[in-house]
Amino acid sequence: MWAVLAIIVFLAAQVYLLLSLKKADGFLAGQQEKDDREILSLVFAEPAMAEGMAHLLAEFSHEDPETEMVLHTDPAVSEAVFEGRAAVGFLPENDDVPQGLSSRVLALDEQTALRVVWKTGAQSDSAAAFLRCLRQSGGNPA
């Protein structure tokens, strides 16, 4: 009788262990999927610029949910893009852009325009998709 009880307890412990491992594997697989998401880093000269583009950022997020956008503010937008700390930058329309960067003016409305800058040459898939989204939404970068 005790031997049967010991076997039942042993089997129950094994089932519990297997279920726990399965949960851990599911958690780890979810983390790996999360890590596979492409990250698009956007830099703004001023926080108000990001606020003014909220509808465009939401539109891109809806069209490309696999890309995670990271927004930051840095007064040295051109340097951040040139050095690769950001893929796309936004600065005042009249700011100069150094060699090695491409730029276009993006009209947000009749009174507000920004200069969009990105590194000249090959871009990541997420940066190219973001620039296409800006162009399709009524702006004109790329």
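These numbers come from a predicted model, not from an experiment. Any value given below was found using the heavy atoms of this structure, including those in side chains, with hydrogens, waters and symmetry copies removed.
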Can you measure from [atom1] ([X]) to [atom2] ([Y]) and round to the nearest 0.5 angstrom?
X	Y	atom1	atom2	answer
I39	T67	CD1	OG1	10.0 Å
L101	Q99	CG	CD	10.0 Å
S61	L40	OG	CG	10.5 Å
C133	H62	SG	NE2	10.5 Å
D64	E59	CG	CD	12.0 Å
M49	L71	CE	CG	13.5 Å

### Query
What's the shortest heavy-atom distance between E93 and R115, and which atoms?
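Result for this residue pair: O-NE, 3.1 Å.
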#### Entry: Considering all heavy atoms, the nearest E79-R85 contact
C-NH2, 3.8 Å
Decide whether [X] and [Y] are clustered together by the hydrophobic rule: side chain heavy atoms of Ile, Leu, Val, Met, Phe, Trp, Tyr closer than 4.5 Å, transitively.
X	Y	answer
L91	V43	yes
L114	L57	yes
M69	W118	yes
M53	V117	no
V77	L131	no

For a 4.5 angstrom cut-off between non-hydrogen side-chain atoms, does [X] reach [Y]?
X	Y	result
V116	V105	no
V70	L42	no
V88	V81	no
L106	R104	no

### Query
Can you say whether the rings of F90 and F130 are parallel (under 30°), tilted (30 to 60°) or perpendicular (over 60°)?
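Perpendicular, since the angle between the ring planes exceeds 60°.
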### Query
Going by distance alone, is a donor N or O of one side chain under 3.5 Å from an acceptor N or O of the other, for S126 and E38?
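Yes, because at least one side-chain N or O of S126 sits under 3.5 Å from a partner of the opposite role on E38.
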### T73 side chain vs A45 backbone, donor-acceptor pair below 3.5 Å
no
